[in-house]
Amino acid sequence: HNLDHDGISSITQGDLKLDQYLYVDGYFKLGDFNRGRFLRKNKITGEACTYSIGNNDAKYRSPEEYRYDPETAKIDVWALGSMLHVILTDKGVWAGVSEKKAQKRIANNESPPLDDKWEESTDPVDKLLVMVMYEWCFVADPEKRPSAPEVANFLEQESEKILKEMGMSEEEMKDDRI
């Protein structure tokens, strides 16, 4: 997310999912901004303006998208949780649930289910991903859902702690991120 001088996102991707990334010259790059929006601020209040996008398909979107409520950049944070779910479990969110039923459950503020295997894992990376998904990304109220920069900063700090616990030096950490 691009940030303005106040730290507020000024663009949203709007269709964030793993297959939107391209691997180019050793880096993942985000593509396909056909649903992306440049976010404007209210000139009087200074708050970010909301927007809406129609035809919200799939199972990885936020509750406000399936209710067609006003949207903010925080829809991408919910989508990040869906991507982390796939990375962790190697299964799509709401696997085994029809798209229509999953959308209704999400619109009713339900988070995707997670196998006990992941909730009970003692692996520090698994624990971090589960916590970020359910305590940071899958927060039903977008007003209470953290911003993308807040999630990114938290993930970076916690990843560094894990790497230090694994015995990695500061120099090694600069080149290797979880």
Side-chain angles (χ1 to χ4, degrees), residues 1-3 8-22 28 30-40 47-121 123 125-156 158 178:
H1 279 233
N2 187 40
L3 303 178
I8 297 173
S9 295
S10 60
I11 190 170
T12 186
Q13 204 273 349
D15 198 21
L16 202 57
K17 54 189 175 182
L18 290 175
D19 62 0
Q20 299 289 23
Y21 286 86
L22 306 170
F28 286 100
L30 185 57
D32 190 4
F33 280 84
N34 66 313
R35 290 175 63 99
R37 298 291 184 268
F38 289 101
L39 304 178
R40 310 237 186 296
E47 293 183 20
C49 297
T50 60
Y51 62 94
S52 65
I53 301 173
N55 301 321
N56 294 325
D57 62 349
K59 305 178 191 180
Y60 58 87
R61 299 183 189 284
S62 67
E64 60 269 28
E65 289 176 275
Y66 292 125
R67 290 192 302 257
Y68 293 92
D69 290 347
E71 299 168 24
T72 67
K74 293 192 178 176
I75 65 171
D76 287 343
V77 174
W78 183 283
L80 171 64
S82 296
M83 291 190 309
L84 293 175
H85 187 283
V86 173
I87 291 168
L88 179 68
T89 67
D90 200 29
K91 293 193 286 187
V93 291
W94 299 98
V97 178
S98 75
E99 187 172 293
K100 186 175 182 177
K101 286 181 182 177
Q103 289 177 5
K104 185 173 184 172
R105 291 173 71 179
I106 296 166
N108 287 324
N109 298 331
E110 287 187 48
S111 299
L114 186 67
D115 294 337
D116 290 343
K117 165 186 174 178
W118 302 110
E119 290 186 47
E120 297 166 3
S121 175
D123 181 274
V125 175
D126 293 349
K127 289 169 66 173
L128 175 60
L129 292 178
V130 169
M131 178 180 46
V132 169
M133 282 189 296
Y134 290 93
E135 295 178 24
W136 289 70
C137 297
F138 296 142
V139 175
D141 182 347
E143 295 289 324
K144 295 179 181 172
R145 193 179 309 142
S147 68
E150 290 171 322
V151 175
N153 290 337
F154 178 77
L155 275 169
E156 187 169 8
E158 294 302 308
I178 292 176

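Going from atom CD of Glu71 over to atom OG of Ser62 covers 6.0 Å, rounded to the nearest 0.5 Å. With values rounded to the nearest 0.5 angstrom, Glu119 atom CD is found 5.0 Å from Leu114 atom CG. Here the CG atom belonging to Leu128 is positioned 11.5 Å from the OG atom belonging to Ser121, to the nearest 0.5 angstrom. Here the NZ atom belonging to Lys101 is positioned 11.0 Å from the NZ atom belonging to Lys59, to the nearest 0.5 angstrom. Atom SG in Cys137 sits 12.0 Å away from atom NZ in Lys74 (nearest 0.5 Å).
Counting heavy atoms of neighbouring residues, nucleotides and ligands inside a 6.0 Å radius, atom CD of Glu120 exceeds 12 of them. Within a 6.0 Å sphere centred on CG of Asp141, heavy atoms belonging to other residues, nucleotides or ligands number more than 12.
Taking the side chain as every heavy atom from C-beta outward, Trp94 and Arg105 approach each other to under 4.5 Å. Side chains of Leu80 and Asp76 form no contact here, defined as non-hydrogen atoms less than 4.5 Å apart. Proximity of His85 to Tyr134: side-chain heavy atoms (C-beta onward) are separated by under 4.5 Å at one or more points. Counting only heavy atoms from C-beta outward, the side chains of Tyr68 and Asn56 approach each other to under 4.5 Å. Phe154 has its side chain within reach of Met131: a pair of non-hydrogen atoms, C-beta onward, lies under 4.5 Å apart. Here the side chains of Glu64 and Arg145 are in contact, with some heavy-atom distance below 4.5 Å. Counting heavy atoms from C-beta on, the side chains of Ile106 and Trp78 come closer than 4.5 Å.
Between Asp115 and Lys117, none of the side-chain N atoms (NZ, or NE/NH1/NH2) sits under 4.0 Å from a carboxylate O, so this pair counts as no salt bridge.
A donor-acceptor pair under 3.5 Å is formed between the side chain of Ser82 and the backbone N or O of Tyr60.
In plain terms, the two heavy atoms of Tyr66 and Ala107 that are nearest each other are CB-CB, 4.0 Å. Considering all non-hydrogen atoms of both residues, Asp126 and Leu88 come closest at OD1-CD1, 3.4 Å. The minimum heavy-atom distance between Ala148 and Val77, with the atom names listed, is N-CG2, 3.4 Å. Heavy-atom minimum distance, Val151 versus Pro146: CG2-CB, 4.0 Å.
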| task | Could you walk me through whether Asn109 and Arg67 pass the side chain to side chain donor-acceptor pair (under 3.5 Å) test, one step at a time? | result | CA-CA 10 Å; Asn109 298 331; Arg67 290 192 302 257; 2.9 Å; yes
